Structure formats: C-alpha cells, structure tokens
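What follows is a single structure, written as structure tokens, with notes after it.
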There are 2 protein chains.
Amino acid sequence: MSALIIPVILCGGAGTRLWPLSRAARPKQLLALAGGESMLRATARRVADPALFAAPWLVGSGLEAAAREVPEAALLIEEPAPRNTAPAIALAALAADPGALLIVLPSDHLVRDAAAFRAAVARAAPAAAEGWIVTFGMAAERGETGYGYIARGGEVAPGVHEAARFVEKPDAARAAAMAADGRHDWNAGIFLFRADAMLDALARHAPGVLAAARAAHDAARAHGAWLHPAAAPFAAGPAISIDHAVMEKAERVAVVPAAIGWSDLGSFAALHAEAAQDAAGNALAGDAIAIDASGCLIRSEGPLVAAIGVSDLVVIATRDAVLIVPRDQSQRVKEAVAKLAAEGRGDLL
Amino acid sequence: MSALIIPVILCGGAGTRLWPLSRAARPKQLLALAGGESMLRATARRVADPALFAAPWLVGSGLEAAAREVPEAALLIEEPAPRNTAPAIALAALAADPGALLIVLPSDHLVRDAAAFRAAVARAAPAAAEGWIVTFGMAAERGETGYGYIARGGEVAPGVHEAARFVEKPDAARAAAMAADGRHDWNAGIFLFRADAMLDALARHAPGVLAAARAAHDAARAHGAWLHPAAAPFAAGPAISIDHAVMEKAERVAVVPAAIGWSDLGSFAALHAEAAQDAAGNALAGDAIAIDASGCLIRSEGPLVAAIGVSDLVVIATRDAVLIVPRDQSQRVKEAVAKLAAEGRGDLL
C-alpha cells in the first residue's frame, strides 16, 4: 500500500435497543459496553495504525461528544438530518480525493481482534484500489434474522471473493440455511472502496442520493476540521442504507471473510454473550450483587442492584430508569421505549 | 368502660425484611406501604377514638420522626437501647398508673377493619380490667412458620378465651396442622392489660427485665412529653420478647379472636398480597410500567422501572438501591442485607 486508508466512522443512530443505557443524548457508540472505553474510542483505536490508516473522519449529527472521544479526527462531517447510511457515505466520498481509499466503519460494534481486522483490511486494499467495493464478511455462526447475509462467489484475489448476492434480514428458515451452508457471511457494515468507485456506483444505482449529497456538499460551510453540508438539499434527499442503495446492486462488489471477533452488541443478549461471566454465567457491571443467580446480565450506572434467586434475566439500572427483561426476550426493550414515547416520557429516552 | 385505654405504640425495630424500602434511618413504620399514610400514622389513627382510647404513647428509639407522625402523642418513651419488646413494655407499664389499661400495638402492621379492631378491644377490656393479659388472635389462614400461634382454650367471657398455649415459629408440618385445626390463632403482638397485671407477671416470670426497666425508669429524665429512661441500667438488662418473657408463662392470659383484616406486611410477598392488583396480578406503585408481566410487585421511589415479560417477581427500586427477587423467595432479601453489611455498605442499610 502506498496511500493511507481514511477511516470514515459513522456516528449516527441513537440505538434504542440498549435502552436505558443508550439514550437519544447518549447513543450506543458513546457507551463503554466492553471494557473501559467507549465503543467509538475503541473503533478509533482500532484504526490508529499510521502504516495503514490516515487520521479518521467522523460522520454524524451532533458530533461534539464524538469529537471529544476522537480528538485525532481530521474531518468531522455533520449530517444535517438523519438519512441512513448511503447519504452519509456519499458525503464522505465527496469530501475525499477521487482516488482515496475510504473504509466505512460503524462506531458501535465490538471487534475483539484488531490485528486480524487490520490484516483483513490490508488484504482487501489492493482490490479496493482496483475499483472493487469491498465488504467484510463475518462468519455466520447462527441463523440470525436481524442481519444481512452475503453469498461468497469466486475468489478474485487471495482471500477476496466476489459478492454473489446480498440477502437482507431473511426469515428464520432461510437464515438457518445460509448459516449452515458455509457459503454465506454476515454483513458487518464495514466497507472499503475508492471514493470515485463509490460515487460512480451511487450515480448509477442511487442518483437521487448522490444528487442530494452533492448539492449539500457544494454548499457546505467549513470551519476548521468541521464540515457542515447544507441542510435543505440534504434533508430533501432520500433516506436509504448503503446496502439497499449500492451493495445489493453494484457490479464490482467483493467480500473479504474476516475472523475478527465481531459483534454488533445489538441486544442485551449479545452484550451478555460477549461480557466476562462468573461461574454461574452472570455478567455483572457496576454496583451489583447477585445471590444464587445464574445467566444474568446485571449492569448498573447508578443504584446498587441486588438480584436474588433469578435466572437468565437482564437488569439494567441507571439513575433514572431500570429495565428488567428475560435475556431471551431482551429485544423487547423496544416495547418499553415505544410505551414511554407514547406516554410523552421523552426525558427517559 | 370508664377509664380510657392508653395505646402504647411500639416504634422499635428497623425491619430489614422490606429492604431497600425500609432502612435503619427509615424503618418500616414510617413507610406508606398501604395507602398514602405511614404505617405508624395509620396505627395512631386506628386508636383515635376518644370514647375508647386516650392519647397514644410511643416507645422506641430515635422517636423524632415518629413524633412528627403522631403529634397527638401524650408520652414519648425513648428506649435507651434495643432490648426487644419485654423491656419496652415494662417501661410503659411503669410509667402508667397501676390500674390503667394499656394496649400495646406494633406500629407497622396493617389492619384493614379499624371498626372491628375497636370492637374487639371493647370486648376484651372487661377481662383486662379484671387482670387478664389479653392477646388478639388473628385467624390462622395458612401454615405460616414465621408467626407465633395461640391455642384457644375455654371461653372466660363472650368472645374471650383462655390462651391454652403459645407456640412460637413452629415448623411447617406443625404450622399447617395448627392452621387446619381451627383452634389456633396467630399472635399479632397486640396486648391489652392493666399496668399492674403486667408488672406482676414480669416480677414473677422475668424479674431481670423488670429490675432493669425499673432502675432505668426511676433514674429517668423527663422533658415535656418526652421520657428518657437511664441508659446504663436499661442496657444492662436482658433482651427478650414479651411473648417469651411473659405470655408463654403467665397464668391469666386470654385471647380474643378478632377478624380485623390484619397483615404484618412482613415480606414483599405479603405486601403484594395486600396491594391492589391489575388483571394480571401485578401490584405497581410509583413510576413503573409492566409489559406482558404477571404476578409482580413493582415499586419505585426513584427511577422508572420497566419490567417486560417477567412473572411473579418482586422489583423494588429506590434512588440508591434496586432489589430483584422472585416473589416466593422474597424473604431472601435478608441475604442481600447480610452481604451488604458484611461488605461495609452501611450507607445502603
């Protein structure tokens, strides 16, 4: 590699799936869910390799808190409105030199093996330099219905496969079949590409996205490292994910299978699975005691939590809210969030 | 009745069985566990019948908060040290005229039918005036092992039975047998007696208790309505319950069966049983939401509690502590209290 890869860290998304830990004003990427640092800080540290990566860019809205977590950020692109990932990535591609390599990274995922991650990126870089849009495929360990799947095609370079097909959020039977056949990977939302390749793909497959992003970019205000794209044209554009807008349609899309210890920590069940557990399978964090409990995730940022005689329960306590839900129903937190929203309890969301 | 009965409300006892609601500095009798007023205030209101009762006396330690709840108290006897109920009752008997009728009342029990309670007291008063120590027997509805049982003997007056035997905290088989045979009542810790009858019984069956209380009383300091018995002799005396010291041994002990809607609210399971419940059997108090939950007691004095998909669970939240325990194990709260004590977390107790 000659030129350094620019990490583009996506900081959008409030993430209510981890309420009451995550809040509108304290999104998931700012939480220290695994270890002592925020997910965002860990993401930035993962790309702090000056042999491979340039200083990161951040894209999102209300980036002040994110900027404090990533003081080394070279560019901070304020999303004028939430429009999902395609417009955000378009803004980054427009801000880069046409031949620059960008790697798009979610800011709130866990990657246990940073060295393996960097090795996968290095493996993918030549293909990206040739114009491939490269995704990174996580071994599909189970028939998860909430993820996107990528069917591996033929190898175009060592460890780099053509992406034969994208399947977004399949039903349970199809997910199980794909997880079992050994030819599918989970789409982790990590993308490596040359800026002009992404802009070309957007022009072809999502011209409305590109037009809105370009209009916003052309009328942007810059202030130091901060770039404020114009709000009106950006907000007028479509809201669509990069998967739907580009990945499922573009020609030269590749997948690099990567065993990097990935989890999106997208539920309390996932958080429990990734956390250190005691002999009874309890994962405790903060001021918590468990007596004759097993399989529980207990986490407090405020009051002491004392759990006695309970199994497979999630208990999350903050200063102003406490969630109790069976671990295997932890995605139902959204029902509580919806109820609170309906009751006008925005102070708790 | 000619002379009014003096209610002697016992305000001792921290009551850790309802932790984290009850605390050392906020004992159970100061909590509003059933309705909007404290248990102590409800107790005082129950005897606010000038045809039957004189102004109440309070006995306990650190009575300032109790005094605020019962501003009509005529005498406040500060226990210099916790010595269980017999010494406290001895202090009250010593402070009364020898012929006065005293009724000893726990300050933290629920009595739903105050009229039935007063009727039972009126029924018992003639026997007490004759020198009987009268207890009030609550119908033993189930084989509760944590209570004392009284075997009803022959009737000595209408609705007044000789107490044939006291059985303190029987094992489960014996408790079940007593609950089933229709001849046993629960001892609710409510006692009606002439002061001199109690002093005579103490002199005979617990002379050490009486000697210590008398020494403390004789050296007491009085200040307005407050009586401060001398600490040293009181603390040097034995710690023993009135049941063990007197009731199980004295000759002329009677029991008045009384259906007064009584509960000692001695556990969260009892609190759940006595609380208003929704159609799914949930009893919610404070800022709490239950989604697809059943049979739960959820009570918050601080953070919002959101419980989803759980059954028969107790969740108690305060600003600094949250308890989660299955309802049928709610007495295990003492294990959490013991653990916190062992860890030096007195701030939470």
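First the proteins, then the strands, lettered A, B, ... as listed; each starts at 1. For clarity, every value in this text was computed on a predicted model and none was experimentally measured.
- Electrostatic pairing of B/D320 and B/R23 counts as a salt bridge here, judged by a charged N lying under 4.0 Å from a carboxylate O.
- Of the listed residues B/P326, B/A306, B/S300, B/A317, the one with more heavy-atom pairs under 4.5 angstrom with chain A than any other is B/A306.
- Among the candidates A/A336, A/P20, A/A293, the residue making the largest number of heavy-atom pairs closer than 4.5 Å to chain B is A/A336.
- Of the residues considered (A/D292, A/I316, A/I308), A/I308 shows the highest number of contacts with chain B, using heavy-atom pairs under 4.5 Å.
- The part of B/R319 that comes within reach of chain A is its backbone (N, CA, C, O), which places non-hydrogen atoms under 4.5 angstrom from that chain.
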Do B/T85 and B/S241 pass the side chain to side chain donor-acceptor pair (under 3.5 Å) test, and can you show the C-alpha distance, the side-chain angles, and the key distance before you say yes or no?
CA-CA 5 Å; B/T85 50; B/S241 73; 4.8 Å; no

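- The main-chain N or O of A/L10 is found under 3.5 Å from a side-chain atom of A/S107 such that the two form a donor-acceptor pair.
- In terms of non-hydrogen atom pairs under 4.5 Å with chain B, the most contact-rich of A/L348, A/V314, A/D287 is A/D287.
- No donor-acceptor pair under 3.5 Å is formed between the side chain of A/R327 and the backbone N or O of A/C296.
- With a threshold of 4.5 angstrom between heavy atoms, B/I298 does not approach chain A through any atom at all.
- By the 4.5 Å heavy-atom criterion applied to side chains, A/F166 and A/Y149 are not counted as neighbours.
- Both the backbone and the side chain of B/V305 have a heavy atom closer than 4.5 Å to some heavy atom of chain A.
- At least one donor-acceptor pair under 3.5 Å links the side chain of B/K28 to the backbone N or O of B/L265.
- Note on A/V310, A/V315, A/V322: by heavy-atom pairs under 4.5 Å with chain B, the leading option is A/V322.
- Only the side chain of B/Q329 comes within contact range of chain A, with heavy atoms under 4.5 Å apart.
- For the pair A/H272 (side chain) and A/G281 (backbone), a donor-acceptor distance under 3.5 Å is present.
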